[in-house]
Amino acid sequence: MRFSFAVLIVLCLLFSCSDKNQPKIDVSNINVDFSIKRYDVDFYNATKETLPTIKLKYPYLFPDVFTDSLSLAKIYDAEEQELFAETQKIYQDFSTEDKQLTLLFKHVKYYNPKFKAPDVITMLSNIDYESRVIYADSLLLISLDVYLGKTHPFYGDYPAYIKENNTKEHIIVDVANSIIEKQLYANTNRNFISKIIFEGKKMYLLDAYLPEVSERQKIGYSEDKLNWAKANEEEVWMYFIDRKILFSTDTKLNQRFIEIAPFSKFYMQQDDLSPGRIGVWMGWQIVNSYMKHNDVSLQELLKMDEEEIFKKSKYKPKK
C-alpha cells in the first residue's frame, strides 16, 4: 500500500471539516426533559447514617445481595476513595456534559419524535471498560472513571488504542452509540460488505446526532490513524476487491477489519500503521456516498438492505 506523506498532508487539509454530508438542523425549539443524578458523589460521601437515604434514591443500584456492610466497606476503602477523588478532579462540575447531553437528546428527538430522554446517572465502575455506558430506555448510566484522560496513570496497563478513547470528550460519543444500538434493525446479512455498511449506518447516525463532533472522535482514532485511513482509502478498497473479500462470509474478517483492535490485519509489513476497524471506516464512506446520491430519510436508510445501499451508493474511493 502507498504511504505518501505529501498526500497525507493534503488530505488533512481537504478533510479537516467533518460531517460534510449532514444538513444543519435547528433543534433550539425541541424540548427534552431529563435529570442528572450524581450517584458517584452521593455514594462515596455517604455514611452509615445517610446510606439508607441513598438506597431510597437509587433502589436500582442496590440489589438484595449488596448489603449495608458491603456498601460501607466499599465507601471506606482507600483505593475506592482515591478513584473517586481522581474522578472529582475532572467531573466535580458536570455542566459541560449536561449541555452536550441536552444537545444530543434534542438531535435524537428531532429524528425520532417519540424518543424520551433518559435520566442520567453518573457512577464509578472500577474502570470497567466494557460497561462505560449502559442505556436502558429510561436510564443512562455513565462510568466516569473510564474517562479520566488517555495519559492518566490509572490506565497504565491499557493498550494505546483503548486509552485513546478514555477521555472526557468521548463520553458523548459512547452515549450516542448506546442509543444507536437500540435503534438499529438487526443485520441478517452475513457477507462482509453488508456488515461494514451496517456499521456505516451507525456512523452516519453519529453524524446526524453529533454534528459538532469531529470524525476522529466519532471513529475513535488518533489523528495519525485517521489520516492513514483517508490517505489509503483507495488502496484498502482495491485490497478488498482483489482478494474477493466484499462478498465473503468468512467470520475471521470481523476481527481483521471490523472489531476494535490496535490495527487492521492486511497481513502486510506495515499493518501497524493502519487503524483498527478500517472496515467500519469504509462502510461509513459508502453510506455517505449513498445518502449523497439518493433522496431518502434517515429512518428510510435504517430500513434499507445493506447490499441495496451498496448497489446504489455510486461509491468511488478517494484517490
Side-chain angles (χ1 to χ4, degrees), residues 33-102 104-105 117-179 181-182 217 220 260:
D33 183 23
F34 69 100
S35 64
I36 295 178
K37 296 180 181 178
R38 299 298 305 270
Y39 172 73
D40 52 326
V41 176
D42 291 343
F43 181 77
Y44 285 99
N45 284 320
T47 63
K48 183 178 180 180
E49 291 72 29
T50 62
L51 183 60
T53 303
I54 306 303
K55 292 172 67 175
L56 287 174
K57 186 175 180 180
Y58 305 97
Y60 39 84
L61 294 177
F62 288 90
D64 292 339
V65 294
F66 203 45
T67 63
D68 285 5
S69 59
L70 286 174
S71 296
L72 292 170
K74 187 176 178 68
I75 291 168
Y76 296 141
D77 182 85
E79 291 185 357
E80 295 271 352
Q81 284 293 333
E82 182 184 8
L83 184 61
F84 172 59
E86 287 296 303
T87 306
Q88 281 294 98
K89 289 178 182 178
I90 301 172
Y91 297 108
Q92 184 172 9
D93 180 359
F94 206 66
S95 58
T96 298
E97 290 70 30
D98 187 351
K99 292 175 183 176
Q100 291 177 331
L101 289 164
T102 300
L104 166 63
F105 294 158
D119 288 331
V120 177
I121 312 295
T122 63
M123 59 188 300
L124 307 186
S125 62
N126 296 110
I127 315 180
D128 182 355
Y129 177 76
E130 298 297 328
S131 302
R132 340 169 131 233
V133 171
I134 298 174
Y135 171 52
D137 298 323
S138 62
L139 286 178
L140 181 80
L141 309 179
I142 302 176
S143 298
L144 295 181
D145 51 330
V146 188
Y147 302 100
L148 299 179
K150 60 185 178 182
T151 61
H152 197 284
F154 283 172
Y155 309 140
D157 295 333
Y158 282 53
Y161 74 99
I162 296 293
K163 291 191 285 189
E164 184 66 36
N165 297 318
N166 286 17
T167 64
K168 187 174 185 178
E169 294 75 22
H170 206 72
I171 291 177
I172 200 65
V173 176
D174 284 341
V175 170
N177 273 321
S178 70
I179 295 172
E181 290 289 342
K182 298 282 188 178
Q217 286 176 257
I260 296 174

Can you name the residues that form a side chain to side chain contact (heavy atoms under 4.5 Å, CB included) with [X], not counting sequence neighbours?
{"X": "F154", "result": "E82, L83, E86, I127, L148, H152"}
{"X": "K150", "result": "K163, E164, T167"}
{"X": "T96", "result": "Q100"}
{"X": "P153", "result": "none"}

Can you tell me how far the [atom1] atom of [X] sits from the [atom2] atom of [Y], to the nearest 0.5 Å?
{"X": "I171", "Y": "L104", "atom1": "CD1", "atom2": "CG", "result": "12.5 Å"}
{"X": "T122", "Y": "D40", "atom1": "OG1", "atom2": "CG", "result": "3.5 Å"}
{"X": "S178", "Y": "K182", "atom1": "OG", "atom2": "NZ", "result": "8.5 Å"}
{"X": "I36", "Y": "I142", "atom1": "CD1", "atom2": "CD1", "result": "7.5 Å"}
{"X": "Q88", "Y": "L124", "atom1": "CD", "atom2": "CG", "result": "8.5 Å"}

Would you say the side chain of [Y] lies within less than 4.5 Å of the side chain of [X], judging by non-hydrogen atoms?
{"X": "K57", "Y": "Y39", "value": "no"}
{"X": "Y135", "Y": "V175", "value": "no"}
{"X": "Y155", "Y": "Y129", "value": "no"}
{"X": "N166", "Y": "Y147", "value": "no"}
{"X": "L51", "Y": "L72", "value": "yes"}
{"X": "V146", "Y": "S125", "value": "yes"}

Could you work out, with side chain to side chain donor-acceptor pair (under 3.5 Å) as the rule, every residue matching [X], not counting sequence neighbours?
{"X": "D128", "answer": "S131"}
{"X": "T47", "answer": "E49, T50"}
{"X": "E130", "answer": "none"}
{"X": "Y58", "answer": "D42"}

Donor-acceptor contact below 3.5 Å, side chain N45 vs main chain V41: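 Judged by distance alone, yes, a pair lies under 3.5 Å.
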
Donor-acceptor contact present, side-chain Q217 to main-chain V173, <3.5 Å: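 Side chain of Q217 to backbone of V173: no pair is present.
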
Derivation and outcome, side chain to side chain contact (heavy atoms under 4.5 Å, CB included), residues L139 and I121: CA-CA 7 Å; L139 286 178; I121 312 295; 4.2 Å; yes

Flag for T87-D145: side-chain donor and acceptor within less than 3.5 Å: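 The criterion, which ignores hydrogens and geometry beyond distance, is not satisfied for T87 and D145.
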
Any donor-acceptor N or O pair under 3.5 Å, side chains N126, E80: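 There is such a pair between these side chains.
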
Specify the closest pair of heavy atoms between [X] and [Y], including all atoms of both residues, with the distance to one decimal.
{"X": "P118", "Y": "L140", "value": "CG-CB, 3.9 Å"}
{"X": "F66", "Y": "K74", "value": "CZ-CD, 4.0 Å"}
{"X": "P52", "Y": "K48", "value": "CD-O, 3.6 Å"}
{"X": "F62", "Y": "S71", "value": "CE2-OG, 3.7 Å"}

Salt bridge (charged side-chain N to carboxylate O under 4.0 Å, His left out) contacts in which one or both residues fall within residues 165-176, not counting sequence neighbours: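 For residues 165-176, and leaving out neighbouring residues, the salt bridge (charged side-chain N to carboxylate O under 4.0 Å, His left out) pairs sorted by first residue read E97-K168, R132-D174.
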
Qualifying residues under salt bridge (Lys or Arg N to Asp or Glu O under 4.0 Å), relative to K55, sequence neighbours excluded: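 Applying salt bridge (Lys or Arg N to Asp or Glu O under 4.0 Å) to K55 gives D68.
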
Side chain to side chain contact (heavy atoms under 4.5 Å, CB included) between L144 and R38, intermediate numbers included: CA-CA 10 Å; L144 295 181; R38 299 298 305 270; 3.6 Å; yes

Non-neighbouring partners of F34 that pass ring-ring contact (aromatic ring centres under 6.0 Å, His included), sequence neighbours left out: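 ring-ring contact (aromatic ring centres under 6.0 Å, His included) check on F34 returns F105.
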
Set of ring-ring contact (aromatic ring centres under 6.0 Å, His included) partners for Y44, sequence neighbours left out: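 So Y44 forms a ring-ring contact (aromatic ring centres under 6.0 Å, His included) with F84.
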
